[in-house]
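Atoms considered below: every heavy atom in the structure, side chains included; atoms not considered: hydrogens, waters and symmetry mates. Since we're looking at a predicted model, the values are computed, not measured.
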Amino acid sequence: MILDWQSIASLAIVSLAIAYLARIGWRTIVERKAAACGGGCKSCAAGGEPPVVEIGALASSRGPDHR
């Protein structure tokens with residue numbers, strides 16, 4: 001098998017693509033284990049669940065004239 005510059009370039013590109021996908025997979029596994037809520041998301045707060053707002057509290061804060 002003769003390796004010309006095109007074969008070397010394509011092997012390098014495929015190798016970089018495999019390394020990139022492996023890095024993404026590894027980071028996904030590591031971050032999922034390190035998440036505070038256990039779900040592996042990046043946007044969750046350290047406290048876990050977001051605060052619950054009740055409908056009555058929203059209606060009373062708008063005032064009686066606001067529909």
Side-chain angles (χ1 to χ4, degrees):
M1 180 173 157
I2 299 173
L3 291 178
D4 56 346
W5 70 272
Q6 292 175 339
S7 298
I8 294 172
S10 58
L11 284 174
I13 290 171
V14 169
S15 298
L16 287 173
I18 290 171
Y20 177 73
L21 292 175
R23 179 176 175 247
I24 289 175
W26 178 256
R27 289 183 67 195
T28 300
I29 292 169
V30 170
E31 286 178 4
R32 181 166 293 164
K33 290 179 183 176
C37 61
C41 58
K42 294 180 181 178
S43 62
C44 67
E49 296 288 324
V52 177
V53 178
E54 298 198 16
I55 295 174
L58 291 174
S60 64
S61 67
R62 296 177 79 182
D65 295 334
H66 206 284
R67 293 182 189 198

Trainee: Could you pull out every donor-acceptor pair under 3.5 Å between side chains of residues 3-11 and any protein atom, sequence neighbours left out?
Mentor:
{"residue": "Asp4", "atom": "OD1", "partner": "Ser7", "partner atom": "N", "Å": "3.3"}
{"residue": "Asp4", "atom": "OD1", "partner": "Ser7", "partner atom": "OG", "Å": "2.8"}
{"residue": "Ser10", "atom": "OG", "partner": "Gln6", "partner atom": "O", "Å": "3.0"}
{"residue": "Ser10", "atom": "OG", "partner": "Ser7", "partner atom": "O", "Å": "2.9"}

Trainee: Hydrophobic clusters join Ile, Leu, Val, Met, Phe, Trp and Tyr when side-chain heavy atoms are under 4.5 Å apart, directly or via other members; which others share one with Val14?
Mentor: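 Result for Val14 is Ile18.
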
Trainee: Ignoring hydrogens, what is the shortest heavy-atom contact between Ile24 and Thr28? Give both atom names and the distance.
Mentor: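 Shortest heavy-atom contact: O-OG1, 2.8 Å.
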
